[in-house]
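All heavy atoms count here, side chains included; hydrogens, waters and symmetry mates do not.
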Amino acid sequence: MPEEMKGASKTTPLEIRAAGLALAAACAALGAAFGAALLIHGRTDAILAQSPPAASTPAKAAAGAGESSTQLVRGHSLFTKECVSCHGNRAQGGIGPDLRRLEISDARMAMTIKAGVKPVMPAYGSKYGDTDVQALTQYIRSLKK
């Protein structure tokens, strides 16, 4: 045994128990994190697997609402590309909120799309212009009807 360790104290049973409890707590936290990740991942898969209702197809929404068919088709395309993974294919919510029940103005919705919601929603202002943001806003509003 090295000379410097001869005077060292031995590990007490209380220290061993504390180390064991710390290890168990760390394992439990890690398990909870992985469980939550699987739960979220599974929920996203379920949302993506759902088929959209008839009213959410752009052509039917346009015909029923009298809105520009081109804008709704573009909005649907953008929504499918950027929003479905968090808000669901019918905007019913999932990881992100249900967009059909939002009580905000179109201007506020457009601002949120452009600026994002840190840290949970990316900003799309540098990726899409006003015309695309307006199309996306119209499409989301059409799902409410």
(message) Would the distance check show the side chain of K114 and the main-chain N or O of Y128 forming a donor-acceptor pair, the cut-off being under 3.5 Å?
(response) no
(request) Only pairs at least two apart or in different chains count here, so list each salt bridge (Lys or Arg N to Asp or Glu O under 4.0 Å) that has a residue in residues 91-105. (result) D98-R100, D98-R101
(message) Per the salt bridge (Lys or Arg N to Asp or Glu O under 4.0 Å) rule, what does the pair list look like for residues 75-89, sequence neighbours excluded?
(response) E82-K127
(request) Of all the heavy-atom pairs spanning L143 and A91, show the shortest one and how long it is. (result) CD1-CB, 3.6 Å
(request) List in chain and number order the residues that pass side-chain hydrogen bond (donor to acceptor under 3.5 Å, both in side chains) with Q71, two or more places apart in sequence or in another chain; answer none if no residue qualifies. (result) none
(request) Please name the pair of heavy atoms, one in A123 and one in A115, separated by the smallest distance, quoted to 0.1 Å. (result) CB-O, 3.2 Å
(request) Report yes if some heavy atom in the side chain of L78 is under 4.5 Å from a heavy atom in the side chain of R74; otherwise report no. (result) yes
(message) When you measure from the side chain of H87 to the backbone of L99, do you find a donor-acceptor pair of N or O atoms at a distance under 3.5 Å?
(response) no
(message) My understanding is that only residues two or more places apart in sequence, or in another chain, count here; which of them pass ring pair (Phe, Tyr, Trp, His ring centres under 6.0 Å) with Y124?
(response) none
(request) Would you check if the side chain of Q138 reaches a backbone N or O of A135 as a donor-acceptor pair within less than 3.5 Å? (result) no
(message) Return the CG to SG distance between L136 and C83, rounded to the nearest 0.5 Å.
(response) 5.0 Å
(request) Using side-chain contact (heavy atoms from CB on, under 4.5 Å) as the criterion, list what pairs up with S126, not counting sequence neighbours. (result) none
Show me, pair by pair, the donor-acceptor contacts under 3.5 angstrom made by side chains of residues 105-113, not counting sequence neighbours?
from, atom 1, to, atom 2, distance (Å)
S105, OG, R108, N, 3.0
D106, OD1, R141, NE, 2.6
D106, OD1, R141, NH2, 3.1
T112, OG1, R108, O, 2.9

(request) Ignoring hydrogens and angles, tell me if any N or O in the side chain of S77 forms a donor-acceptor pair with the backbone of V73 under 3.5 Å. (result) no
(request) Classify the ring geometry between F79 and Y139 as parallel (under 30°), tilted (30 to 60°) or perpendicular (over 60°). (result) tilted
